[in-house]
Amino acid sequence: MHLIQRMKIWKELRRLEQRAKEQPSPSTFVDLGQVYINLDLHDKAESMAEDGLALFPKSIELRQLLDCARRGLRNRRVQDLRARLTRSPNPKVYRELATILVDLGDNGALQALCQEWSLRFPDDAGCWLVLGQARLTSFYRDLAAREGHEAVECLRRAVTMDPADQQARRLLGEVLYRVGAVQEAQQHIEALRQLDPADQEVEALLSHVARLPDRGTDVDALFDDVETHGSLLHPSLHAAAPAPTADRTLGSVREGLGHVAQLDGVEKATFIRGSKALVKGAIRDGRDPFLRIVRVTAKAAHRFSRRLDIGSASKTVVEGEFGRICICVYGEALAAAQCRPGTDTESVLAELQEIVAGALHGAEEQA
Amino acid sequence: MSKIQDAITELRHAPGVRGAAVVTSDGLVAAASLSTGLDPDVIAGLASYLMMTTNRSLSEGHYPACTRLLLNATHGKAVFVSLDDSYLIVLFDQFAEVAQADREVDETVARIRRASRLA
């Protein structure tokens, strides 16, 4: 880079650093992080994104910056590890490099690396485990039979080469029972229990699998069924467990909405999360225009405040001849009410805030 | 036009107000008095987007148009008041009590309406 260009960049960098200190906002952190990335200082960009996220934990731009910085760091680490492998190849370095390639989602490079790994160290089961993990991730994402079949092949090979490999057995057992090959899965989970008798999770998994109906041993046909139906046959252990927090949260939201609907002047109220909405009051059905107005206005207000660098829009009141529409948003949760003219919007907004905060707290507990 | 600008400049001195502007519904700045760091064109564009989007969704649902919109964000607040073919936007800092500035905002709206009629 030309010296004058370099000096200009450093000058700009100092200006942005000063700005980030004096007026911290997601965009100042992102601008600074971008300059660091352009200068190939990914570690600085990462710490800048982390500092920004400590102040603005919900900023999508800062998360993207962190992701980009970490990707840059991983790419650099890949280059270092490749150089080390050229000098002195060993299974440990192969494993580290393969794990980074899995994180980067570079399946082509991973395939080539695992081939090289298995040729140089034919007795090491590690390459088959990593390859199996990568295939399994693709299978769970796309439910493509071919990916599932290849994942099982790789994991079976890893288990045959190293029967004491707990991770390979666990992954194999799990994918098998989820597609319906319960009997074969039970054998792997039983072996897992013998390897570590104190593991409570394996115990729970075994009793969960014991309750599921077996659909035979033709794994290829089972994978084809999954692809055709677009869903796995059996739920995972965590998905099958009851979710008391979710029920409690829903109950408290319903109760809160009922309370809002009873306030003087309130005509209708709703709680929206994702594509689902709970409603109270004079709402006909899911196509009631009030629901759309609330969604559209909340989104536009959010965009307005983000672009203007004033954070996230948490409360919005739309006034017109119809009265007032009060909207309260935190994260993904939104609560809103339509009131007649002259209604005390402060108390309505306070109630809506309680509903949204309660739902958010419930979601965090679940997480 | 100077009367509108005077009204805006006066409103700018109300407690907690970071800036005020009158923008047309298609996003052009008619008058503005903003603190440093606030770009009138950006504010006009964003305000027009917010009001147009809200009004479109209201009209699609057969609701009358929005006459006033109050927005409360983490680091600031904003009030939008619909004038005939334009909007008054008042930006506040996050600590401002918007209700306390209601009187000043209403007075400014009345002055702008008067000035527009005379013009």
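First the proteins, then the strands, lettered A, B, ... as listed; each starts at 1. Values below: all heavy atoms of this structure, side chains included; hydrogens, waters and symmetry mates excluded. Small disclaimer: the values here were computed from a predicted structure and weren't measured.
Separation of the A:F290 and A:F322 ring centroids does not fall under the 6.0 Å cut-off.
Among B:L91, B:V42, B:D93, B:L58, the residue with the largest count of heavy-atom pairs under 4.5 Å with chain A is B:L58.
Within 6.0 Å of the CZ atom in A:R307, the count of heavy atoms belonging to other residues, nucleotides or ligands does not exceed 12. For CG of A:D103, the number of neighbouring non-hydrogen atoms (other residues, nucleotides, ligands) closer than 6.0 Å is greater than 12.
Contacts between residues 19-29 of chain B and chain A, defined by a heavy-atom separation under 4.5 Å, are made by no residue at all. Taking 4.5 Å as the heavy-atom cut-off, the residues of residues 66-79 of chain B that approach chain A are B:C66, B:T67, B:R68, B:L69, B:L70, B:L71, B:N72, B:A73, B:T74, B:H75, B:G76, B:A78, ordered by number. When the heavy atoms of residues 94-112 of chain B are compared with those of chain A, none of the residues falls under 4.5 Å.
You'll find the side chain of A:P289 stays beyond 4.5 Å of the side chain of B:E60, heavy atoms only. Side-chain contact check for A:L62 versus A:L66: every heavy-atom pair is 4.5 Å or farther apart. Side-chain contact check for A:V329 versus A:S314: every heavy-atom pair is 4.5 Å or farther apart.
Heavy-atom distances place no part of A:I327 under 4.5 Å from chain B, backbone and side chain included. The parts of A:S312 that come within reach of chain B are both its backbone and its side chain, each placing non-hydrogen atoms under 4.5 angstrom from that chain.
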Give the table of side-chain donor-acceptor pairs shorter than 3.5 Å for residues 41-57 of chain A, with sequence neighbours excluded, one pair per line with atom names and distance.
residue : atom : partner : partner atom : Å
A:E46   : OE2  : A:R70   : NE           : 2.9
A:S47   : OG   : A:K44   : O            : 3.1
A:E50   : OE2  : A:R70   : NH2          : 3.0

